[in-house]
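Report on one structure; see the data block that follows.
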Amino acid sequence: MSAVVLQRVPGYPEAMPRILLVEDDPAIRAALTRGLTDQGATVTAVDTAVGAMKALAVEQPEAVMLDLGLPDLDGANVLVMLRATSDVPVVIATARDDDAEIVRLLDAGADDYLVKPFSAAQAMARIRAVLRRAGASGEESDDRRIVVGELVIDPPARTARLAGAELALNRKEFDLLLALAVRAGQVVSKRELLSEVWQMPWGGADRTVDVHLSWLRRKLGETAAEPRYLHSVRGVGVKLVDPAGGGA
Ligand code: CA
């Protein structure tokens, strides 16, 4: 009986994002640190531009929340300095509801902005959105990957992730998942799977495919009774689908 083993994948922008918060107002800094931490982020908070540049190098944050009015340097200058060395997503926090200024900052490389006052929940939603965009463009650039819903399979690396967590699959489980993923949305017969994954002829009573399918289901966190990705079609075979219905 195999256990479900989930590993966090470094750099994957879903669980526990590391956020650098640059804010000189102690009350706002404390409230945002608490609010973002409550929502699962790991927050490093600094109150100056110099502190921000240091923390950027040391902490390697996945996203930056940058206040524009800082004591030592204007946040717009911090943005330019930061963009010279890093592609990290940046959400600007501004007290100025000034269209021209906001356009200038977006052109200078900010990914999004929030006008004060805003809640930690709003800040977290913007950060998640910029992280998703950053993650999505990263995936598009690697066309060897197969993406079915939240399932991402990397054939050259022989790894599979579900919602960012790496699945601990043995060799045959991975081959089986891959054989289904390359034909996502299509029913594949067990005879084909046995031949393709195990290089074995169909033996009628052979339960190899069924057993591995049940292990794979367990690792995907689903059951035959309540399928999400793996759907058995009685008497025909099995297909892998995007449970959100987005197709393959
Ligand atoms: Ca400020």
Side-chain angles (χ1 to χ4, degrees), residues 7-141 150 161 163-165:
Q7 295 170 341
R8 283 210 49 233
V9 178
Y12 193 85
E14 283 302 325
M16 301 284 287
R18 295 188 311 280
I19 299 171
L20 172 60
L21 172 64
V22 189
E23 170 62 70
D24 63 316
D25 182 311
I28 297 176
R29 190 171 64 243
L32 278 179
T33 299
R34 195 171 53 240
L36 293 171
T37 304
D38 284 350
Q39 298 189 57
T42 304
V43 179
T44 301
V46 298
D47 57 0
T48 61
V50 169
M53 295 311 292
K54 269 191 203 155
L56 186 71
V58 174
E59 306 286 338
Q60 303 265 311
E62 288 159 277
V64 177
M65 182 107 225
L66 177 63
D67 174 36
L68 286 186
L70 295 171
D72 52 343
L73 199 59
D74 191 277
N77 294 324
V78 179
L79 178 65
V80 171
M81 285 164 59
L82 184 154
R83 272 289 165 264
T85 59
S86 170
D87 291 328
V88 67
V90 177
V91 177
I92 295 289
T94 175
R96 319 161 199 171
D97 190 1
D98 175 344
D99 236 29
E101 172 76 352
I102 288 166
V103 168
R104 194 170 68 81
L105 289 164
L106 291 172
D107 282 345
D111 294 86
D112 205 345
Y113 70 96
L114 280 162
V115 177
K116 290 180 184 175
F118 54 82
S119 67
Q122 279 177 316
M124 195 67 211
R126 293 296 172 92
I127 288 165
R128 277 199 299 266
V130 296
L131 286 171
R132 267 200 303 277
R133 290 202 291 270
S137 61
E139 270 161 26
E140 275 159 22
S141 69
E150 291 188 298
R161 296 189 324 237

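Values below: every heavy atom of this structure, side chains too, minus hydrogens, waters and symmetry copies. Each ligand, and each atom within it, is numbered from 1 in the order the structure gives.
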Next item on the list: Check whether any side-chain heavy atom of Pro17 sits under 4.5 Å from a side-chain heavy atom of Met124, and report yes or no.
Entry: yes
Next item on the list: Could you tell me whether the side chain of Asp112 and the main chain of Val130 form a donor-acceptor pair under 3.5 Å?
Entry: no
Item checked: the Ca ion (ligand 1) - number of protein N/O/S atoms closer than 3.0 Å -> 3
Pair up each side-chain donor or acceptor in residues 74-95 with any protein partner under 3.5 Å, not counting sequence neighbours, and list the distances.
{"from": "Asp74", "atom 1": "OD1", "to": "Ala76", "atom 2": "N", "distance (Å)": "2.8"}
{"from": "Asp74", "atom 1": "OD2", "to": "Arg96", "atom 2": "NH2", "distance (Å)": "3.3"}
{"from": "Arg83", "atom 1": "NE", "to": "Gly109", "atom 2": "O", "distance (Å)": "2.9"}
{"from": "Arg83", "atom 1": "NH1", "to": "Ser86", "atom 2": "O", "distance (Å)": "2.9"}
{"from": "Arg83", "atom 1": "NH1", "to": "Val88", "atom 2": "O", "distance (Å)": "3.0"}
{"from": "Arg83", "atom 1": "NH2", "to": "Val88", "atom 2": "O", "distance (Å)": "2.8"}
{"from": "Arg83", "atom 1": "NH2", "to": "Gly109", "atom 2": "O", "distance (Å)": "3.0"}
{"from": "Arg83", "atom 1": "NH2", "to": "Asp111", "atom 2": "OD1", "distance (Å)": "2.9"}
{"from": "Thr85", "atom 1": "OG1", "to": "Leu82", "atom 2": "O", "distance (Å)": "3.3"}
{"from": "Ser86", "atom 1": "OG", "to": "Val88", "atom 2": "N", "distance (Å)": "3.0"}
{"from": "Thr94", "atom 1": "OG1", "to": "Arg96", "atom 2": "N", "distance (Å)": "2.8"}
{"from": "Thr94", "atom 1": "OG1", "to": "Arg96", "atom 2": "O", "distance (Å)": "3.2"}

Margin query: Give me each pair satisfying salt bridge (Lys or Arg N to Asp or Glu O under 4.0 Å) with a member in residues 26-35, each pair once, sequence neighbours excluded.
Written below: none
Notebook entry, point to check: side-chain contact (heavy atoms from CB on, under 4.5 Å) with Ala129: which residues, sequence neighbours excluded?
Noted result: Arg132, Arg133
Next item on the list: Determine yes or no for a side-chain-to-main-chain donor-acceptor pair under 3.5 angstrom, with Asp72 supplying the side chain and Thr48 the backbone.
Entry: no
